Each structure stands twice: as structure tokens, then as C-alpha cells.
K.L.:
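Submitted below is the structure of interest, expressed as C-alpha cells.
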Number of protein chains: 2
Amino acid sequence: MTNINDIARLAGVSVSTVSRVLNNYKYVAKNKRESVLKVIEEMNYTPNKHAIDLIRGETRTIGVILPYNNNPSFDQLLNGILAKALENEFLITVLPSKYSKEKEMEYLEKLKSKLFDGIIITSRANDWETIIPYSDYGSIVSCEYTEHTEIGCSYIDRYSSFLDAFQLLKNKGHHTAAFTTARLESNSTKQMLDAYHEIFGALPSGYHISDCLCLEDGYEAAKQFLQLPERPTAIYANGDEVAGGMYLYAKSQQMKVPSDLAIIGQENQPVGIGLGLTTVDHQLMKVGEQACSLVIKKSRKKMKIPYRIVVRESV
Amino acid sequence: MTNINDIARLAGVSVSTVSRVLNNYKYVAKNKRESVLKVIEEMNYTPNKHAIDLIRGETRTIGVILPYNNNPSFDQLLNGILAKALENEFLITVLPSKYSKEKEMEYLEKLKSKLFDGIIITSRANDWETIIPYSDYGSIVSCEYTEHTEIGCSYIDRYSSFLDAFQLLKNKGHHTAAFTTARLESNSTKQMLDAYHEIFGALPSGYHISDCLCLEDGYEAAKQFLQLPERPTAIYANGDEVAGGMYLYAKSQQMKVPSDLAIIGQENQPVGIGLGLTTVDHQLMKVGEQACSLVIKKSRKKMKIPYRIVVRESV
DNA sequence: CCTTGACTTGAAATGGATTTCATAAATTAG
DNA sequence: CTAATTTATGAAATCCATTTCAAGTCAAGG
């Protein structure tokens, strides 16, 4: 491999001059600039990025910690992040965690080793106390709200959105509702439960099913809900794919949506458009974009992204 | 930032010894190893990855050129790649191209600048002739077959799979079929047309719609197909989301699937399971895994991944 | 004619590790 | 008891580019 020294030697100048040419520095004699460029061309030379990153202490690369990469919600986040990164000529490295604490720490160590300028945590397994020390080594942005001032946040006010969704169901005449969530231990699930109590009061037993991720999970969840002695008349699904599964199960039982069963989904995903599902759109793409912007700007601001309810025919 | 020299000084040893401790080299006196580790701990030291990559000339990072990152097919590929990378402790950097020749070249230049050990091209805009010279700088693996020996391939025999799918429709009594594709100029589309001619002969005008990516595109395509004077009785969709859209349009017109309209999709995606869509599963996740393995092994083998037809109720 | 500022250039320091080479001490084998 | 290994360590070279510092040329302004 040819390096900058070779170029300098062949062009009969110093490495400083070659570097100046490479970086478009103003004061280089025209003839020298040309001969340097000629040698670079001839030798098919490209500067070594590691040497540059080493000395500059910057990589223009962001790591994105993602528990699952085949999940539509995280996909939307990632899409937003990628779009904004592309716009700003940053690269994105995907860091799958499967909610493993060890993996997460491994990735944070890479921030410390200067591999990334910053990290976006879409969802996490570790405590903030464990994570925060790493904010010394690069900006850390979370897609979930936290008080900690060391962490930038691009987040959704999920509690409010859950209140709104439940209220919508209540206004339609339902005095209870069932719902599904992804992880039982997540913050989001806690907020969901709180919002439920706020609107409907006590949660009937069997009205909450966790670990729902895909269409099939929704199908199964609906089956379980509808086999309960006291059938729910409305369901709030944690995603439109899950809601889609519920819809398909209801249809398979000759039930009418929304008259026999109201279904509201989340995230305004493609499947919901076709099925006419009413959905709480948390605008995850925008959440991702904003998160990426914060990392790029090394900002620790707390940015709340507005959600909206997209009304179709399933409620 | 503390570096290896600081550690050496504080521990009263040479940098070589510190490096030996860091790399678990056998021959270091127990007491020195311990004092080095103690200083590392105290100083909260982590080696700089760029310095390591610079001298080792290796990064354990793979770049993945991806035209769209919100497309279910490319998502499946990416998932496979990520799974295999995780298993082998490689990192994945996502390189969105939108089929831009310039972007692609930019990414290949990064391979040359040593940022990646290799690149996976899931789909491309540039000619192979333009791409091949970069194989000198790292392994390049394609998810599409090419004769060129410089490029590793993890691919699907699409032509065969298209023949099989059309033959299936023909066996069910259809003597023509309509179909959709993603990009008009893609290799895959050419093979689709060839396969069509092979099985059905001449393509009726209006029986091929391109630029179909999502459920809504499928919905619209079905509408167009079914408004033709000579309605097709069967459609081969380039993806289950697209097929799902077609299914929903057919249903909205009170048509029965498969008796009024047969639909076959591709890639065995979640939406198709719920809708009972027959689908050609190209096992893109496996294609991704294999592609990643090839890059890691720096292999230029041509690996054909078998496809299978998943029979459900839509044909 | 002298001063000032705009150009132009190269030597050397810098970023931070790994690795080879040389050397020396401590064992082990014969 | 000597020769051959094994163990242990540091100096210095290496990977490759950027940037500061110092110094020099040249033209314009007073």
C-alpha cells in the first residue's frame, strides 16, 4: 500500500504539502498541487481513515443500540436515524443488544475506545447509573425520556398518548379494554398500566398480555382475550402488526370490527393502512431523526416528539 | 485522555509490557501484570481503537450497501447479516445508497481507505467493471449472482424460482398471469420477464406493473390489473406486503381468493401468514447470513441459497 | 528603502497502539 | 556442568496522516 510518504517522495515535496493538497488548503503553489494530484492519481492513493481518525479524534460514525432489528418499531427509529445521518454524512453502525446488559456495556466500551462519536440508545437493559459515566467519551442520546442531564433525549410522551388512546375507547362507550405490550419490564408497560388505571380503574384479570411483537402474536393474543369469560369489547395493541393479527382473528370468528370488537394499534405501520386500523402514530421516524440530530450536535436537550392519533375504521 | 504511555510510566514498566498485558500475552511476570492491571483500572483506561486498527490493518467491521432500508426484503437480508456478524463479533455499518452510483462509489472508497474489512452489496447501481477494482482492498460479496471471480456471491436462483411460481399458476389452470416488480431496470425484472415468456409466452399488455414496494402499491396495482378489459386471473406479487395489498383490494371488490383471483407473493413475510398467502420464500435471511460468512472468511465462493414455495390458501 | 502582509514550504511533533529485535535471567535436559 | 529452552523485558521501528512551528520568498504600501 502506498502512503502519504510515498506520494511526497514521488512528487518531490514534503508530506505536509501532500496533506495540504489532500485537505484543499489554500496556499499551495499551483504546479506542486498539480504534480501531487498527478502522483495520487497514478498511484491510486487513498488516505488511511484510521490514521485520520486517530489524529483528529473524530469518526463521523454513530453507534445505534437496538434490542431487535427485525421489529417494525425499531426499524422506523433506525430509518429516521439513517436518513438524518445520510443528510449529515455520518455513518451508522448497528449494535444489536437483545437487551443483554453485557452486550450494551461492550458497545459503550467501544464509545470509550473512540470508535464512535456518539451512541443512540433506542432501548436499554442497563441502569442509567451504569450508562452515564460513558457520556464523558461521546454524546449519548436516548429515545426514552430520562431526567439525567448527561443524556440527550428524543422521546415520546407515551403516558399522554396512552391516556388519549384509552380515553378515545372510553368515549366510544367501552368501559374496559384489553391491551398488549412488548416487554413486561419496560418503562412503557409501566406507563401503560398507569394510564389504564387513570382512565378505566382496575384492570380485569387476563386483560393484559405481554411479549407481543408480530402479527402472529396479535392473532394469538386476540384468541386468548376473546376466550375469557368476560370478553373485552376493545383492545389496544402495541403495534399495527399485532393489531393486524387481532383483526384477522376477529374476522376469522365472524366478528365485526369495530362493532363487535374495537381495535386500536400503534405506529401507523403499512399493514394498518390496508386493514383500516385506527392507530396511535408516535412518529418514530421523527424520533429517530431527532435523536440523530442531537448526537451530531452533541446536544443534551430533551426533545419531545408529538404523537397523533390516525383515525380509520377500527374503533 | 490517558494512553498506553501513561499506563507504562505509572506502572513502572515499558509500553511493550502494557501491550502484552492488554493482549493477554503469556510471558509477563505475575506482579507486573497485576500492577499494570491496577493502573489501567485506576486510570479507567481503554485502548484507542483507531491506533489498533491502524497498525493491525483490520477493523472487524463490514459495510452493507443497501438501496432502501425500509424495505422488508432488504430488512430480511440485513437481519441475516446482523445475526451472523454478531455471532462472529463483527460490526455492521449500514450504507444507504438509494441506487445512487455516486453514493456507492463513496462507500467503495471507504473500503479502500480501510474503514471496512469488506463490503456486502445487496443491490447495486454501478457496473461490475467499476466495482471490481475495489476487491483489491477488501472482500466484496454480492447478494446477486455474477460470473466475476473477484466477487463472492450469496444468491438465489431467481429465474428458477420464477419459473416454478409461474408453473404453479399454470398448473392451477391459469393460462396467463399478471405480475409486479420493484425496479424496471433490475436483473430480477429481466429474469421475471424471461421466465414469463418461458411459461406463458407473450405478456399481455398492462400485465406488468413496476415500482411496487409496499402494501399500498399492491392495492393500487391490483386495482389497475382488475380494471383491464382482459382481467388477469392470477397475480405474482414481488413481496408479500404487495400481495397483501392486492388481497385487500380483491376483498374490497367482493372477490374470492383464490377462486376469482389467485395471488402468490414472495419472501414469506409476516403479513402473508395472517392473510394465508402462498409465497415464494427466497430465504433472504439465509442469503444475508451466508453473505456475511463469505465476507468474514474472505471467500469468493458462489453460494446458491435454496428457495421454497410455501403453500397456503391464495393460489 | 523599509515594513508589512500574503504566500509557500518542510521539519518535526503528535495521535496511540503493536511488534520485532536484542538481551538477559532462570530453568530444564543431557 | 554445559547447552538448550523457556521466561521476561524494554528500546525502537512501524502503522499513516495532521498540524504546529519556523523560516523563507515576494509584492505592495508608506
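The structure presented is a predicted model; accordingly, all values stated were derived computationally and were not measured.
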K.L.:
Could you work out which one of C:dG16, D:dT9, C:dT9 sits closest to the side chain of B:K32?
P.N.:
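Comparing C:dG16, D:dT9, C:dT9 against the side chain of B:K32, the answer is D:dT9.
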
K.L.:
Any base atoms under 4.0 Å from A:V18, or only sugar-phosphate, or nothing? Heavy atoms, all strands.
P.N.:
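Here A:V18 touches no strand at all.
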
K.L.:
Categorize A:T17 for me: base, sugar-phosphate, or nothing, with a 4.0 angstrom heavy-atom threshold over every strand shown.
P.N.:
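Contact class for A:T17: sugar-phosphate only.
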
K.L.:
How long is the gap from NZ on A:K302 to NE2 on A:H148, to the nearest 0.5 Å?
P.N.:
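It comes to 8.5 Å.
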
K.L.:
Rounded off to whole Å, could you give me the NZ-to-C1' distance for the B:K26 and D:dT5 pair?
P.N.:
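From B:K26 NZ to D:dT5 C1': 12 Å.
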
K.L.:
Side chain of B:I55: nearest nucleotide among C:dG16, D:dA17, D:dA11?
P.N.:
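Side chain of B:I55 sits closest to C:dG16.
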
K.L.:
With a 4.0 Å cut-off on heavy atoms, is A:V28 in touch with a base, just the backbone sugar-phosphate, or nothing at all?
P.N.:
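Contact class for A:V28: sugar-phosphate only.
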
K.L.:
What does A:I4 touch in the nucleic acid at a heavy-atom separation under 4.0 angstrom: a base, only the sugar-phosphate, or nothing?
P.N.:
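Base contact.
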
K.L.:
Report for the helix from C:dC1-D:dG30 to C:dG30-D:dC1: angle between first-end and last-end helix axes, five pairs each, rounded to 10 degrees.
P.N.:
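Here the helix ends are tilted 30° relative to one another.
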
K.L.:
Counting heavy atoms from C-beta on, name the nucleotide in C:dG15, C:dT18, D:dA11 closest to the side chain of A:L54.
P.N.:
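Given the options C:dG15, C:dT18, D:dA11, the side chain of A:L54 is closest to C:dG15.
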
K.L.:
How would you label the contact of B:N23 with the nucleic acid (heavy atoms, under 4.0 Å): base, sugar-phosphate, or nothing?
P.N.:
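Answer is sugar-phosphate: B:N23 comes under 4.0 Å of backbone atoms only.
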
K.L.:
Categorize B:R20 for me: base, sugar-phosphate, or nothing, with a 4.0 angstrom heavy-atom threshold over every strand shown.
P.N.:
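Touches a base.
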
K.L.:
Checking A:S123 against A:Y99: is there a side-chain donor and acceptor pair closer than 3.5 Å?
P.N.:
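Yes.
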
